[in-house]
Amino acid sequence: MLLFHASLNIIQDPDLHYGRKNADFGQGFYMTPDKEFAYRWARETVDNKCIVNIYSLDTENLKVKNFTRDEEWFNYIYKNRHGKQDNLDADVIIGPIANDIIYDTLGITTSGFLNETEAMQLLMIGPEYVQVVIKSEKAKGNLKWLSSEELSSDVVKKYSELKKIEQNKFQELFAKELDKMS
């Protein structure tokens, strides 16, 4: 499986414990099989260029959990985003990225404004991008860094603009769905 990770650095040896514990699929090293999606998340700073690292992952002999946008996925993300213990027995997790308003959706749900079914409906709208998370040292051993690509400022700007357009369309869809529920 070919995977991509946008960063400010070349990352040949990922640290599984560097990232946030309260990310969608808990702590681990996050990548995507969608190169263009990695470009959308590329950012550069004054001192650093954006790098897209390219890897191959051999999932043979690994415990792989594949999620789809469903209740199990929602509950797993909900638990992780709330800092609960991650007890899922998997070396690799593959599944949809929760959209950027998941915090709002979860907040609306826990406040009692929406029930879980309605919250799930909101999380189903918009584009579906896939993330692949390496959760164990065993999986990290099956991950091979292939190369890296430095993105030009023009490319970063182009994909940043595409991301903004996509987010605006998503916000409109989200607002329409929320209006139908109230």
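We're numbering straight along the sequence, starting at 1.
The hydrophobic clustering, which links ILVMFWY residues whose side-chain heavy atoms are closer than 4.5 Å, places L88 and M31 apart. Y76 and V92 are members of different hydrophobic clusters when ILVMFWY side chains are connected at heavy-atom separations under 4.5 Å. V155 and I54 fall within a single hydrophobic cluster, where Ile, Leu, Val, Met, Phe, Trp and Tyr are joined by side-chain heavy atoms under 4.5 Å apart, directly or via other members. Under a hydrophobic-cluster definition in which Ile, Leu, Val, Met, Phe, Trp and Tyr are linked whenever side-chain heavy atoms come within less than 4.5 Å, directly or via other members, V52 and L146 are assigned to the same cluster. I94 and L57 fall within the same hydrophobic cluster, defined by Ile, Leu, Val, Met, Phe, Trp and Tyr side-chain heavy atoms under 4.5 Å apart, directly or through other members.
With a 4.5 Å cut-off on side-chain heavy atoms, F67 and F25 count as touching. Within the 4.5 Å cutoff, side-chain heavy atoms of E137 are placed close to those of L16. Side-chain contact between K49 and S153 is present, with heavy atoms from C-beta onward closer than 4.5 Å. The side-chain heavy atoms of K158 and D154, taken from C-beta on, include no pair separated by under 4.5 Å.
When every heavy atom of N87 is checked against every heavy atom of K79, the shortest pair comes out as N-NZ, 3.7 Å. Here the closest non-hydrogen pair linking A38 and A6 is O-CB, 3.5 Å. When all heavy atoms of P14 and L143 are compared, the pair lying nearest together is CG-CD2, 3.9 Å.
Between N142 atom CG and S56 atom OG the span is 9.5 Å, to the nearest 0.5 Å. To the nearest 0.5 Å, atom CD1 of residue I77 and atom CD of residue E72 are 11.0 Å apart. With rounding to the nearest 0.5 Å, the separation of OH in Y55 from CD in Q12 is 8.5 Å. Rounding to the nearest 0.5 angstrom, the gap separating the OG atom in S148 from the CD1 atom in I11 is 10.0 Å.
Looking at W145, its side chain does come within 3.5 Å of a backbone N or O of S147 through a donor-acceptor pair. Put simply, the side chain of K157 never gets that close to the backbone of S152: no donor and acceptor are under 3.5 Å apart.
Of the residues D15, D91, D13, the one that meets the salt bridge (charged side-chain N to carboxylate O under 4.0 Å, His left out) test with K140 is D13.
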For this session: Mind running side chain to side chain contact (heavy atoms under 4.5 Å, CB included) on I134 and Y30 for me, showing each step along the way?
Result: CA-CA 7 Å; I134 302 299; Y30 283 70; over 6 Å; no
For this session: Evaluate the side chain to side chain contact (heavy atoms under 4.5 Å, CB included) criterion for residues L3 and N53: first the C-alpha distance (whole Å), next the side-chain angles of each, then the deciding distance (0.1 Å), finally the verdict.
Result: CA-CA 8 Å; L3 298 167; N53 292 279; over 6 Å; no
For this session: Before giving the answer on side-chain hydrogen bond (donor to acceptor under 3.5 Å, both in side chains), spell out for T68 and D70 the whole-Å C-alpha distance, their side-chain angles and the decisive distance to 0.1 Å.
Result: CA-CA 6 Å; T68 59; D70 61 14; 3.1 Å; yes
For this session: Apply the test ring-ring contact (aromatic ring centres under 6.0 Å, His included) to residues F29 and Y18: give CA-CA distance (whole Å), side-chain angles for both, the deciding distance (0.1 Å), then the verdict.
Result: CA-CA 8 Å; F29 185 66; Y18 178 75; 9.4 Å; no
Problem set entry | Verdict with supporting geometry, D58 and K144, salt bridge (charged side-chain N to carboxylate O under 4.0 Å, His left out) | CA-CA 8 Å; D58 178 3; K144 180 181 178 190; over 6 Å; no
For this session: For salt bridge (charged side-chain N to carboxylate O under 4.0 Å, His left out), just list the numbers for R40 and E161, CA-CA rounded to whole Å, side-chain angles, deciding distance to a tenth of an Å, and then say yes or no.
Result: CA-CA 9 Å; R40 279 179 173 80; E161 289 170 3; over 6 Å; no
For this session: Take D86 and K135, measure what salt bridge (charged side-chain N to carboxylate O under 4.0 Å, His left out) needs, and give me the verdict at the end.
Result: CA-CA 11 Å; D86 184 358; K135 301 284 287 180; 2.8 Å; yes
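For Y39 and E149, the side-chain atoms include at least one donor-acceptor pair closer than 3.5 Å. Looking only at atom types and distance, the side chain of D34 has no donor-acceptor partner in the side chain of T32 under 3.5 Å away.
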Quiz: residues 126-133 side-chain donor-acceptor pairs under 3.5 angstrom, not counting sequence neighbours:
from : atom 1 : to   : atom 2 : distance (Å)
Y129 : OH     : E166 : OE1    : 3.1
Y129 : OH     : E166 : OE2    : 2.6
Q131 : NE2    : D24  : OD2    : 3.1
Q131 : NE2    : P96  : O      : 3.2

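For K35 and F37, the positive end is not near the middle of the six-membered ring at less than 6.0 Å and at most 45° from its axis.
A salt bridge is absent between K163 and E36: the closest approach of a Lys/Arg side-chain nitrogen to an acidic carboxylate oxygen does not fall below 4.0 angstrom.
Heavy-atom neighbours of K63 NZ from other residues, nucleotides or ligands within 6.0 Å: at or below the threshold of 12.
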